[in-house]
Engineer: 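Mind having a look at this structure? Questions to follow.
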Amino acid sequence: MRQALDNPLVLLVAGFTVWSLAFVVLYALQALGCAYGWSAHRPVLVAGFILSNLPLAWLAFRPPQPRTNTDPSLQRAALWANRAALASGILVFLPVTFVSACI
């Protein structure tokens, strides 16, 4: 696993892969909470929001691992792609903290 995260090609897609998994999990939590009438629905969604952004923040702010056989522009692209995934995670997932969950 450690060697995979040193590969810039893996890092290039890692952020939005985590983002898509978090989107599915938050959507499922929202649907299940509405269907079963959870009394703690909002705190569960807020916890899901925070937990889903933690790996995105880690990917966005981890120091780059210098490697001699990779292109530095690919490493930079991976870093900025992960920062874009974090920004989109905050922007897209933030409404679960305050918008009415069930209609």
Engineer: Strictly by ring pair (Phe, Tyr, Trp, His ring centres under 6.0 Å), give each pair with a member in residues 8-27 just once, sequence neighbours left out.
Structural biologist: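 Applying ring pair (Phe, Tyr, Trp, His ring centres under 6.0 Å) to every pair that reaches into residues 8-27, excluding sequence neighbours, yields Trp19-Phe23, Trp19-Phe93.
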
Engineer: Run the side-chain donor-acceptor check on residues 83-91: report pairs under 3.5 Å with partners two or more places apart or on a different chain.
Structural biologist:
unit_1, atom_1, unit_2, atom_2, d
Arg83, NE, Ala60, O, 3.2
Ser88, OG, Ala84, O, 3.2
Ser88, OG, Ala85, O, 3.0

Engineer: Taking atom CG of Leu74 and atom CG of Asn7, what is their separation to the nearest 0.5 Å?
Structural biologist: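 Here the rounded value is 8.0 Å.
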
Engineer: Not counting sequence neighbours, which residues clear side-chain contact (heavy atoms from CB on, under 4.5 Å) with Leu32? List them please.
Structural biologist: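 Listed in chain order: Tyr36, Trp38.
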
Engineer: Less than 3.5 Å apart, which donor and acceptor atoms pair up between the side chains of residues 40-56 and the rest of the protein, not counting sequence neighbours?
Structural biologist:
unit_1, atom_1, unit_2, atom_2, d
His41, NE2, Leu29, O, 3.4
His41, NE2, Gln30, O, 3.4
Arg42, NH1, Val96, O, 2.6
Arg42, NH1, Val99, O, 2.9
Arg42, NH2, Val99, O, 2.7
Ser52, OG, Gly48, O, 3.0
Ser52, OG, Phe49, O, 2.9
Asn53, ND2, Phe49, O, 3.2

Engineer: Check side-chain hydrogen bond (donor to acceptor under 3.5 Å, both in side chains) between Ser73 and all other residues, then give those that pass, not counting sequence neighbours.
Structural biologist: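 side-chain hydrogen bond (donor to acceptor under 3.5 Å, both in side chains) list for Ser73, sorted by chain: Asp71.
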
Engineer: Treat each ILVMFWY residue as a node, draw an edge where side-chain heavy atoms are under 4.5 Å apart, and state whether Val92 and Leu94 are in one component.
Structural biologist: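 Cluster IDs for Val92 and Leu94 match.
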
Engineer: Strictly distance-based, threshold 3.5 Å: is any side-chain N or O of Asn82 a donor or acceptor partner for the main-chain N or O of Leu11?
Structural biologist: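 Checking the backbone N and O of Leu11 against the side chain of Asn82, a donor-acceptor pair under 3.5 Å is found.
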
Engineer: From Leu9 CG over to Gln75 CD, what is the distance, rounded to the nearest 0.5 angstrom?
Structural biologist: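 Here the rounded value is 10.5 Å.
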
